[in-house]
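Take a look at the structure set out below.
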Amino acid sequence: MKTIKLLHMYPNVLDLYGDSGNVEVLKYRCAQRGIELQVFQHLMDKPDDIDFASMDIIYLGGGADYEQQLLADDLMGCKDRVKAAYDAGVFLLMICGGYQLLGQYYKDSNGEEIPGLGLFTYHTEASRNKRNRCIGNIVVETELMGEPYKVIGFENHGGQTTDVATPFGKVLCGNGNCWSSETEGYCEERVIATYLHGPLLSKNPGLADYVISKCLERQGEPSELAPLNDKLEQECREMLFGRLLNKQ
Ligand code: GLN
């Protein structure tokens, strides 16, 4: 049986808006194709000897400023292992708070700077006014395997992310990386970092399949996936696009 190994970092700390559901979606969509998704966990202040570079996916969900402060030291202690995984081509999927922490730094709404892993050039600063937040539904247009794909989700962040070399997509509705930004998230072929909660992958099955395909491709396996019955998901997407994108 084919297997994909996923390392879930801080599952009990970074889990805003059901972000852990992304792991469930990957597990389900793998199982439907006869692929076993093996889930490993890295927990805060619980040293382990997991070889991050032997994984196929590293996943970090979102968390509020408080949780980000809590885990900052532990994450910094993982810097070399995360970097080694990135260099080895492990797929990095990060949501909101996780997205921010892999950049240069996050300056939170109290003005406190949390160092990031510095894997990417972007950095994030929140307004000192805690009420100034980007909140609401968001639709982003990205490209997956050369085809345009609309990604839908929910954003709630005070952090404003700038110096994003290669954004995940173009904002069709919502804020994105900053107030009224034209762009959202960060991406490379095997990196997706986004502000979208929801959970991200339940509303965007095409994105889940992109991640799975890229993992199989890296393993040297055929990366074409048998289509699944996504009728309900498609109907839900169409309904939400109609509601969010056709506003007067
Ligand atoms: N604490 C960060 C912010 O407010 C991230 C929040 C989140 O993960 N939703 O910008």
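Fair warning: this is a prediction, and the values are worked out from it, not measured in the lab. Residues: numbered from 1 along the sequence shown. Whatever order the structure lists them in is the order used to number ligands and atoms, beginning at 1.
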Do NZ/NE/NH1/NH2 and the carboxylate oxygens of [X] and [Y] come within less than 4.0 Å?
X	Y	result
Asp51	Lys5	no
Asp56	Arg190	no
Lys214	Glu189	yes

* Asked: Does His42 have its ring centroid less than 6.0 Å away from the ring centroid of Tyr10?
  ->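 For His42 and Tyr10, the ring centres are under 6.0 Å apart.
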* Regarding Asn177 and Thr162, is there a side-chain donor-to-acceptor distance under 3.5 Å anywhere? ->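 There is no such pair (donor and acceptor under 3.5 Å, judged by atom type) between the side chains of Asn177 and Thr162.
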* **Aromatic plane relationship, Phe120 with Tyr86 - under 30° parallel, 30 to 60° tilted, over 60° perpendicular** =>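 Tyr86 and Phe120: perpendicular rings.
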* Report all protein residues having a heavy-atom distance below 4.0 Å to some atom of ligand 1; order the list by chain, then number. =>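 Lining ligand 1: Leu16, Gly62, Gly63, Ala64, Asp65, Gln68, Cys96, Gly97, Gln100, Tyr106, Arg133, Asn156, His157, Gly158, Gly159, His197.
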